[in-house]
Amino acid sequence: MIIADYEQEQLKAYYIEQLHKLGFSDTDGLEVKELRQKLALQRYLATEDNGWF
């Protein structure tokens, strides 16, 4: 389980980094699943704002 925990922490760090790049900074206390959902939403909103749709 140590490898799985390490992978989860790596994913969490990646999602937080990507969210911060998109200007979303309220990531305290969020789990990996929630971070992934927020990142998907922020990416969608960013592309919508740029007129890609």
Any link between [X] and [Y] through a network of hydrophobic side chains (Ile, Leu, Val, Met, Phe, Trp, Tyr) touching at under 4.5 Å?
X	Y	answer
L22	L35	yes
L45	L30	no
L41	V32	no

Would a 4.5 Å heavy-atom cut-off, applied to side chains only, mark I16 and L39 as touching?
-> no
Would you call K21-E17 a salt bridge at under 4.0 Å N-O?
-> yes
Could you tell me whether the side chain of E34 and the main chain of E31 form a donor-acceptor pair under 3.5 Å?
-> yes
Where do Y14 and Q10 land on the side-chain hydrogen bond (donor to acceptor under 3.5 Å, both in side chains) test, with the steps shown first?
-> CA-CA 6 Å; Y14 171 77; Q10 291 295 322; over 6 Å; no
Trace of the side chain to side chain contact (heavy atoms under 4.5 Å, CB included) decision for D26 with L19 = CA-CA 9 Å; D26 188 20; L19 282 164; over 6 Å; no
Tested for side-chain contact (heavy atoms from CB on, under 4.5 Å) against Y15, the lone hit among K33, H20, R36 is R36
